[in-house]
Amino acid sequence: MTDFPGSPDSAARERDAAESASAFAHPAVAPDRTAAYGDHPDQVVDFYAPRDGRTGAPLVVLLHGGAWRSPYDRAHVSPLADFLARRGFAVANVEYRRGGDDIPRQRAGAEPGAGSTGPVAGRWPETFDDVAAALDAMPALASRELPGADVRRIVVSGHSAGGHLALWAAARHVLPEGSPWRLPAPPSLRGVVALAPIADFATAVGLGVCGGAVTQLLGGEAGAALGGDAGAVLGGDAGAVLDGDAGSALGGDAGSALGGDAVAVERAAHADPGVLLPTGIATAIVHGVEDIVVPPAVSEAYVDAAARSGETVGLTLLGGVGHFPLIDPSADACAVVAEELAQLAW
């Protein structure tokens, strides 16, 4: 359910509920191999070999969604991973640390779980630490666990919050100077296919996407940080790290959308794909026109921002499709996803 302005009617909610039920009805598919990229239990990758036994298969790195919240893990996209493996891809389904009720709320002095019935969205900086570590380790891990995979042909994909992380992973070389996740050169990727991504923070915050998940991810609301002092997390003085005014770095839109919260605005400069442009990485977005969870306006804002930076991002809008068919192997939309991946991978 969403709570963005212009709330959807009952028919739209019923369609969304039916699509969600279909996507989550598939039993989890066990991986062929699982490997760790760190010591935490969530720092693991499930590998799926191409079902036709081919060698030299391109590798799809899959990042699951769920608003960066702990109740949702990689198991719910394992049917999609299996679907892609049956299409001839090697697949790496990545787990990463997410927010839960065991970490403080963003409001100063709040107890875990206070003021909300659900878990916090994301962990700062652990969510980003994990995605960066998993992608850095991926060529070696995949070569060991899936010898048939061609790690020279990696496409990163993700759904919803995972779509955000996929876009972010491809933009690490344009992160602000001093960011702990910044790469010295573009990552070795064939491209990114983002599925209904939370791609532009200003737009997502304005629409109240996923119950304010973006603001929670950034540690906003009252300026209380999840992991302590924001400047320390960013490697020193936040103003210096951001090379000036954070609101200016974000073009003003995200700073305004985040209510001027200093911690959230500072972190957004390191986390918002909508300001980490251009990337020089081939990027395609697939989004359902009827999506009421992450409205297509979020992707459209990212595509517009990319165009202003001089970069073209492909956007495929699927009529009559909401949020969940993109990860539902029984839905026609999944075939579109596979085709978009194939166009970049092969």
Side-chain angles (χ1 to χ4, degrees), residues 1-5 7-8 16 20 42 63-74 76-77 95-107 110 112-128 130-131 158-168 194-227 250 253-255 257-259 261 263-275 287 291-299 301-302 322-324 326-327:
M1 182 177 292
T2 64
D3 54 3
F4 57 83
S7 195
D16 178 69
S20 174
D42 283 335
L63 295 159
H64 71 81
W68 309 286
R69 291 176 173 134
S70 58
Y72 305 96
D73 62 16
R74 68 194 186 280
H76 81 268
V77 293
E95 193 56 270
Y96 54 89
R97 282 174 284 182
R98 304 158 322 281
D101 287 323
D102 59 328
I103 55 178
R105 288 274 151 194
Q106 280 77 350
R107 293 182 176 83
S116 175
T117 59
V120 167
R123 288 177 180 263
W124 187 282
E126 290 91 344
T127 297
F128 297 92
D130 288 359
V131 173
H159 178 244
S160 196
H164 156 262
L165 294 171
L167 293 170
W168 178 85
L195 313 176
I198 304 177
D200 182 89
F201 280 4
T203 305
V205 170
L207 293 173
V209 166
C210 297
V214 169
T215 307
Q216 291 181 8
L217 174 71
L218 299 174
E221 298 183 290
L226 292 181
L250 294 173
D253 292 339
L258 292 167
D261 185 287
V263 170
V265 171
E266 289 164 3
R267 290 177 173 184
H270 295 251
D272 180 2
V275 301
H287 214 126
D291 193 334
I292 64 170
V293 178
V294 181
V298 179
S299 285
Y302 176 84
H323 192 64
F324 295 100
L326 302 178
I327 61 168

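The two residues His287 and Ser299 make their nearest non-hydrogen contact at ND1-OG, 2.7 Å. Closest approach of Ala204 to Val214, counting heavy atoms only: CB-CG2, 4.0 Å. Here the closest heavy-atom approach between residue Tyr302 and residue Pro273 is recorded as CE1-O, 3.4 Å. Listed here is the closest heavy atom pair of Val293 and Asp291: N-OD1, 2.8 Å. Residues Ala161 and Ala67 come closest through the heavy atom pair CB-N, 3.7 Å. Between Phe201 and Ala271, the shortest heavy-atom distance links the atoms CZ-O, 3.6 Å.
Distance alone, capped at 3.5 Å, is enough to place a donor-acceptor pair between the Trp168 side chain and the His270 backbone. With hydrogens and angles disregarded, a donor-acceptor distance shorter than 3.5 Å links the side chain of Thr127 to the backbone of Arg97.
With sequence neighbours left out, the side-chain hydrogen bond (donor to acceptor under 3.5 Å, both in side chains) criterion links His64 to Glu95.
Looking at heavy atoms from C-beta onward, Arg267 lies out of side-chain contact with Leu217 at the 4.5 angstrom threshold.
Remark: Asp272 CG to Leu167 CG distance equals 10.0 Å, nearest 0.5 Å. Here the straight-line distance linking atom CG of Leu165 with atom NE2 of His159 works out to 13.0 Å at 0.5 Å rounding.
With respect to Arg98 and Asp42, a salt bridge is recorded, a charged nitrogen being found less than 4.0 Å from a carboxylate O.
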Criterion side chain to side chain contact (heavy atoms under 4.5 Å, CB included) on Val120 and Trp68, from CA distance to verdict: CA-CA 8 Å; Val120 167; Trp68 309 286; over 6 Å; no
Test log, rule side chain to side chain contact (heavy atoms under 4.5 Å, CB included), inputs Asp130 and Arg123: CA-CA 10 Å; Asp130 288 359; Arg123 288 177 180 263; over 6 Å; no
